[in-house]
Asker: 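This is the structure I have questions about; it appears just below.
Side chains are part of it too, since the values below use all heavy atoms of this structure and drop only hydrogens, waters and symmetry mates.
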Amino acid sequence: MSNYIEAGSIIAIATSLAFWQQEFGFSDSFTGVLAALSANAFGAAIGAIIGGPLCDRLGRKFIYTYDLMIYMAGVLVAAFAVNQWMLLAAFIVTGIAVGAGVPASWTYIAEEAPDDKRAAHVGTAQLAWSIGPMIGFLLAALLVPLGLLGSRIIFLHLFVVAFVTWWMRQGLAESKRWKASQDDTTKVSLGGKGLKALFSRKQNLTALLFLVGVYGFWNTVAGQAGIFMPRVYTAAGLTDSQQQFFLQALLWGFTVLGTYFGFMRFADRMSRRVLYFIGAVMGIAGWVVLVYVPASTFTMLAFAVLWGFASGIGAQAFYGLWTAELFSTRYRASAQGVLFFAARVMVGVLSYGFPVWLNSMGLHGLGALLIGILSVALLVGTIWAPDTQGKTLEQIEEERYRSSSREKLTV
């Protein structure tokens with residue numbers, strides 16, 4: 001549910017920006033500021049770099065208890081915003097809450113998952129992340145006739161879902177692996193403890209660089225698609241807002257299918273390197289079609305199928321899996337926070353100028369840049385995919401850190 005409302009908030013912003021801009025009369029540059037400081041970029045980055053370490057220090061449940069209170073405040077202010085500054089404050093607050101919640105949710109799911117079905121369980125986060133935008137875009141398409149009121153209703157729907165989720169979370173148990181790591185009183189620990197240990201080991205630094213190459217670069221493109229896709233469709237020739245939203249709902253529907261029938265079914269059974277490569281190639285192919293093939297119904301549908309399905313079996317799902325596997329329990333969420341921070345900063349840098357650059361460079365110019373960024377993610381993930389499949393998190397820690405300690409967790 002946290003992934004549903006977190007992704008849903010990004011889509012609520014994406015589908016409402018044009019209405020807010022028309023209502024309050026701000027420029028394309030301020031639109032870029034709103035996007036850059038929102039849950040899609042810098043706002044989430046700030047939340048992640050705070051929430052990740054807190055999640056390791058105070059527990060996964062601590063973040064779950066309080067982050068949605070901040071989230072609810074943010075979306076409620078957005079729903080009733082009366083000027084651009086109120087809207088900006090709402091987007092920043094919501095972004096911080098989203099950033100704090102993501103490391104906790106992805107870490108918790110991976111730690112509680114059966115070792116032989118870890119990818120399938122991590123995939124549930126990606127599945128929910130996909131369902132949120134699919135429903136968000138469907139709501140946006142149906143509420144287009146209401147204009148800005150429809151956008152306010154979407155934010156209110158997120159408030160209601162967040163409240164129900166917060167209430168349900170009160171009975172959530174703490175991660176068994178996190179509790180075991182805290183109860184351990186031995187002086188020697190696999191991987192060390194805290195941010196200092198995270199940045200002091202070569203294994204961690206190489207893993208951080210690898211995951212920035214995989215997720216940071218892919219998400220730089222996905223972040224623009226998440227919040228600026230209606231503008232990209234307009235540049236490609238599809239100008240009707242309602243059709244854009246329905247097409248996006250279809251795209252995210254294919255992401256749901258890709259996640260369930262691709263990643264969740266096969267990432268525990270087949271070569272992860274091959275599966276990652278297939279998803280990365282499909283994603284690049286989708287953008288090549290959209291940018292360089294003349295606009296038509298076929299072009300738009302081909303993009304929706306290729307990019308949508310690729311997103312389901314692509315970098316974000318593997319990022320959630322590999323981040324859980326490549327770092328010690330003592331700072332697993334901190335690593336998530338650092339990586340999510342880096343990825344969202346990369347999104348924010350491009351988001352700040354994206355609306356202006358789309359107008360000045362055109363879709364061909366900016367599209368070539370996006371395809372180049374995706375190509376980096378393809379190469380990094382395919383070449384350096386780790387060999388962690390079928391192993392317990394404890395086995396992976398042993399292999400990576402080569403500690404003399406032989407801790408065994410009973411979960």
Side-chain angles (χ1 to χ4, degrees), residues 35-36 40-42 44-45 48 102 106 126 129 202-229 232 251 255 258 262-263 267 271-292 303 306-323 325-327 335-336 338-354 357-358 361-388:
N40 200 49
F42 290 127
V102 166
W106 289 353
Q126 176 70 13
W129 190 277
K202 180 181 178 181
Q203 302 96 316
N204 295 332
L205 296 177
T206 56
L208 288 170
L209 290 174
F210 165 71
L211 289 165
V212 168
V214 168
Y215 183 64
F217 279 84
W218 177 86
N219 191 63
T220 299
V221 176
Q224 312 313 313
I227 205 161
F228 291 125
M229 206 63 217
V232 174
L251 185 154
T255 304
F263 187 82
S271 168
R272 290 176 178 175
R273 189 188 307 273
V274 172
L275 187 61
Y276 177 89
F277 177 78
I278 292 171
V281 169
M282 288 182 65
I284 292 173
W287 280 94
V288 169
V289 168
L290 182 67
V291 173
Y292 296 112
F303 172 76
L306 288 168
W307 178 245
F309 201 87
S311 298
I313 60 174
Q316 180 160 290
F318 276 102
Y319 160 78
L321 178 63
W322 284 334
T323 306
E325 293 178 336
L326 296 180
F327 299 98
Q336 287 265 17
V338 169
L339 287 163
F340 204 72
F341 172 83
R344 292 300 173 172
V345 167
M346 292 170 72
V347 172
V349 170
L350 188 55
S351 294
Y352 179 73
F354 193 92
W357 295 334
L358 184 60
M361 297 171 62
L363 183 59
H364 282 196
L366 195 53
L369 174 63
L370 299 181
I371 292 168
I373 294 172
L374 288 174
S375 298
V376 174
L378 181 151
L379 292 173
V380 173
T382 302
I383 295 172
W384 289 289
D387 179 21
T388 52

Asker: For residues G381 and V214, report the shortest heavy-atom separation together with the two atoms involved.
Answerer: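 So the two residues come closest at CA-CG2, 3.6 Å.
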Asker: Restricting to non-hydrogen atoms, name the atom on R272 and the atom on A267 that form the minimum distance, rounded to 0.1 Å.
Answerer: NE-O, 2.9 Å
Asker: Looking only at heavy atoms, which two atoms of A36 and G348 are closest? And how far apart?
Answerer: CB-O, 3.7 Å
Asker: Quick one: does L209's side chain get under 4.5 Å of V212's, heavy atoms only?
Answerer: no
Asker: Measuring from atom CH2 of W357 to atom CG of L350, what distance do you get when rounded to the nearest 0.5 angstrom?
Answerer: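 One finds 5.5 Å between CH2 of W357 and CG of L350.
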Asker: Quick one: does F210's side chain get under 4.5 Å of L326's, heavy atoms only?
Answerer: yes
Asker: Quick check for you: to the nearest 0.5 Å, what is the distance between F354 atom CZ and I227 atom CD1?
Answerer: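 One gets 11.0 Å once the value is rounded to the nearest 0.5 Å.
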Asker: Quick one: does R273's side chain have a donor or acceptor within less than 3.5 Å of a partner on T382's backbone?
Answerer: yes
Asker: Are side-chain heavy atoms of L306 and L290 found at a separation under 4.5 Å?
Answerer: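 In short, these two side chains do not touch, never coming nearer than 4.5 Å.
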Asker: Any non-hydrogen side-chain atom of W287 less than 4.5 Å from a side-chain atom of L374?
Answerer: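 A side-chain contact under 4.5 Å exists here.
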Asker: Heavy-atom distance under 4.5 Å between the side chains of F303 and M229, does that happen here?
Answerer: yes
Asker: Any side-chain heavy atom of F42 sitting closer than 4.5 Å to one from V349?
Answerer: yes
Asker: Does L378 form a side-chain contact (heavy atoms from CB on, under 4.5 Å) with F217? I'd like the steps, not just the answer.
Answerer: CA-CA 9 Å; L378 181 151; F217 279 84; over 6 Å; no
Asker: Can you see which heavy atom on G320 is nearest to which on W106, and at what distance?
Answerer: CA-CE3, 4.4 Å
Asker: Could you give all pairs that pass the side-chain hydrogen bond (donor to acceptor under 3.5 Å, both in side chains) test and reach residues 309-322, with sequence neighbours left out?
Answerer: Q126-Q316, Y215-Q316, Y319-Q336
Asker: Can you measure from CG (L366) to CG (L358) and round to the nearest 0.5 angstrom?
Answerer: 6.0 Å
Asker: Return the CD to CD1 distance between Q224 and I373, rounded to the nearest 0.5 Å.
Answerer: 8.0 Å
Asker: About how many Å separate CH2 of W307 and OG1 of T255, when rounded to the nearest 0.5 Å?
Answerer: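 These two atoms lie 9.0 Å from each other.
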Asker: Work out which heavy atom in R344 is nearest to a heavy atom in A41; give both atom names and the distance.
Answerer: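 In terms of heavy atoms, the two residues are closest at CB-O, 3.1 Å.
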Asker: Ignoring hydrogens, what is the shortest heavy-atom contact between V291 and G367? Give both atom names and the distance.
Answerer: CG2-CA, 3.8 Å
Asker: Do the non-hydrogen side-chain atoms of V380 and W218 ever get within less than 4.5 Å of each other?
Answerer: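 Counting from C-beta outward, V380 and W218 never come under 4.5 Å.
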Asker: Is the shortest side-chain heavy-atom distance between I371 and Y292 below 4.5 Å?
Answerer: yes
Asker: As an exercise, state the distance from CG of L379 to CZ of F277, rounded to the nearest 0.5 Å.
Answerer: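 With rounding to 0.5 Å, CG (L379) is 9.0 Å from CZ (F277).
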